[in-house]
Novice: 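Here it is: the structure, laid out below.
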Amino acid sequence: MRSFVKTKTAIALALTVTAGAAQADGHGGVEVLHWWTSGGEAAALNVLKEDLEGQGIGWTDMPVAGGGGEQAMTVLRARVTAGNAPTAVQGLGFDIIDWAKQGALANLNDVAAAEGWDAVVPAALQQFAKVDGQWVSAPVNVHSTNWVWANKAVLDANGIAAPETWDDFAAALEKLAAAGVTPIAHGGQAWQDATVFDAVAMSTLGPDGYKAAFIDLDAEALGSDAMIEAFKRMDVIRANVDDNFSGRDWNLATAMVINGEAGFQMMGDWAKGEFLNAGKVPGEDFLCFRFPGTQEQVTFNADQFMMFDQGGAVSSQQAALASAILSPSFQSAFNVVKGSVPARTDVSNEAFDACGKQGMADLAAAAGSGNLFGSMAHGHANDAAVKNAMYDVITAHFNGEYDAETAVMELVDAVEIAQ
Ligand code: BGC
């Protein structure tokens, strides 16, 4: 029911903006559909808007609120069905491949060749940006989901150091609960439950098990004892969130850590954008560290802008937008604010803070050691049908519908049906 209402609202929204979009195209600008609506996200988006405005390219904003982008994708489908695709659309992983296979995306090969994207965009991203030899989207960043964000003063006051193992983490949660602090800030939305599960599952299954279960969809790995253990750890996490977690937006959960109401949040590094936007400093006000037991791994997702075919060759505005996104100076300026790291391998880490520098080093190390994996929760492990099937089970378990053993059986079945 909830998703039906959301869908109706999203479609209504899509239809109301149609007139505005046509106008923007008439003036030779770009219409950009995205879900960057939190304070930190909007600050990062401004870097892109200002860059384009500096080149005299008009910008029509088409924000669709909803972390993880599910609502934005619903609006996009309605717009494409109505024959009125936006110029550029934020997209993730397998969704990009899906639109490309449907022939909906413009060919960016000329701009990519002129600017040498093949040599500087990491192979892990090209896998989603280039379909059948054709560049179809411009990668903005690399995010990763296996991070923990902590309020340093809260940890210090309770004698807690950044936990390195699951047992340390569980002990820290106990201490915070005993001190009357909410141990974990969480927003009970399916994509957020799955984001937490990404890291928890990586820590119990290990990199080979994560790949087998979430990328290769191996039934044995999906149904393994390690997966039962992952769900049991989710029970521990569930026991350490506050009573009002259900439905909370991710950035409001981040605010609880920023304000010292909660100790930790497990969230992708877009959370850092919220800390920075609130004037907080890494290492002084907040800590960033990899989820205990996943220090060597990176589960990544990358935001890209898909350029929708407007009938004919890629437009000069689309090419200018793509070129602006891939420029090394933009990659630095944008990602410093967003919390992500550059989508090019040749950008200096100089302007980045300690968490950003760690993010860049971790990404390079993980790529080199075979420890870099597409995030299940953020559309980089499998297509939307499989992802949503996993979401349903993870969320039902988190909300107490299944115990860990049942969740694992449901997961095996759901994935089989979704393929
Ligand atoms: C996107 C991020 C965004 C986050 C929360 C993720 O799927 O990759 O750019 O900040 O969702 O909205």
Side-chain angles (χ1 to χ4, degrees), residues 6 10 32-49 62-76 88-96 124-125 128-129 137-147 149 185-199 247-255 265-277 288 298-306 325 330-331 334-343 355-356 359 363 373-384 387-388 390-391:
K6 253 197 262 165
V32 183
L33 192 158
H34 62 88
W35 64 91
W36 285 334
T37 57
S38 76
E41 291 173 329
L45 188 72
N46 264 334
V47 177
L48 181 57
K49 270 189 203 166
M62 176 65 196
V64 181
E70 207 181 328
Q71 288 88 327
M73 291 303 101
T74 304
V75 169
L76 174 61
V89 180
Q90 181 185 359
L92 294 175
F94 279 88
D95 289 344
I96 302 171
L125 300 198
F128 299 107
S137 62
V140 186
N141 61 13
V142 188
H143 271 301
S144 61
T145 58
N146 57 323
W147 285 105
W149 307 91
H186 181 64
Q189 295 174 346
W191 75 272
Q192 293 188 63
D193 300 341
T195 301
V196 173
F197 193 72
D198 240 359
R248 175 187 288 137
D249 286 330
W250 68 272
N251 53 313
L252 301 182
T254 310
Q265 182 186 23
M266 280 150 276
M267 188 44 62
D269 38 15
W270 46 90
K272 194 186 76 179
E274 299 302 302
F275 285 95
L276 300 184
N277 198 45
C288 58
V298 170
T299 41
F300 81 96
N301 63 298
D303 293 302
Q304 308 207 30
F305 278 100
M306 307 181 267
I325 287 173
F330 169 78
Q331 286 281 329
F334 177 89
N335 287 305
V336 158
V337 179
K338 183 69 170 67
S340 37
V341 304
C355 299
L363 179 67
F373 300 98
S375 155
M376 170 274 292
H378 290 265
H380 282 70
N382 258 289
D383 65 17
K387 180 186 85 171
N388 290 330
M390 291 184 179
Y391 274 20

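As the structure lists them, so they are numbered: ligands from 1, and atoms in each ligand from 1. Here the structure is a predicted model, which means the values were calculated and not measured. Position 1 is the first residue of the sequence, and the numbers go up from there.
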Novice: Determine whether the aromatic ring centres of residues F275 and W147 are separated by less than 6.0 angstrom.
Specialist: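 No - the distance between ring centres of W147 and F275 does not fall below the 6.0 Å cut-off.
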
Novice: Regarding D249 and Q192, is there a side-chain donor-to-acceptor distance under 3.5 Å anywhere?
Specialist: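 No, no side-chain donor-acceptor pair sits under 3.5 Å.
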
Novice: Within this structure, what is the CG-OG distance for the pair D198 and S375, rounded to the nearest 0.5 Å?
Specialist: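 So the CG of D198 and the OG of S375 are separated by 3.5 Å.
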
Novice: Restricting to non-hydrogen atoms, name the atom on L48 and the atom on F305 that form the minimum distance, rounded to 0.1 Å.
Specialist: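 Minimum heavy-atom separation between L48 and F305: CD2-CE1, 4.1 Å.
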
Novice: Suppose we screen for side-chain hydrogen bond (donor to acceptor under 3.5 Å, both in side chains). Which residues come up paired with S340, at least two apart in sequence or across chains?
Specialist: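 Per chain and number, S340 pairs via side-chain hydrogen bond (donor to acceptor under 3.5 Å, both in side chains) with N141, N335.
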
Novice: Quick one about D303 and Q90 (side-chain donor to acceptor, distance below 3.5 Å, no hydrogens or angles considered), yes or no?
Specialist: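 Present: a donor and an acceptor within the cut-off.
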
Novice: If the criterion is any heavy atom closer than 4.0 Å to an atom of ligand 1, which residues make the list?
Specialist: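 Its neighbours under 4.0 Å (heavy atoms only) are W35, W36, E41, G67, G68, Q90, L92, H143, W250, W270, N301, D303, K338, H378, given by chain and number.
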
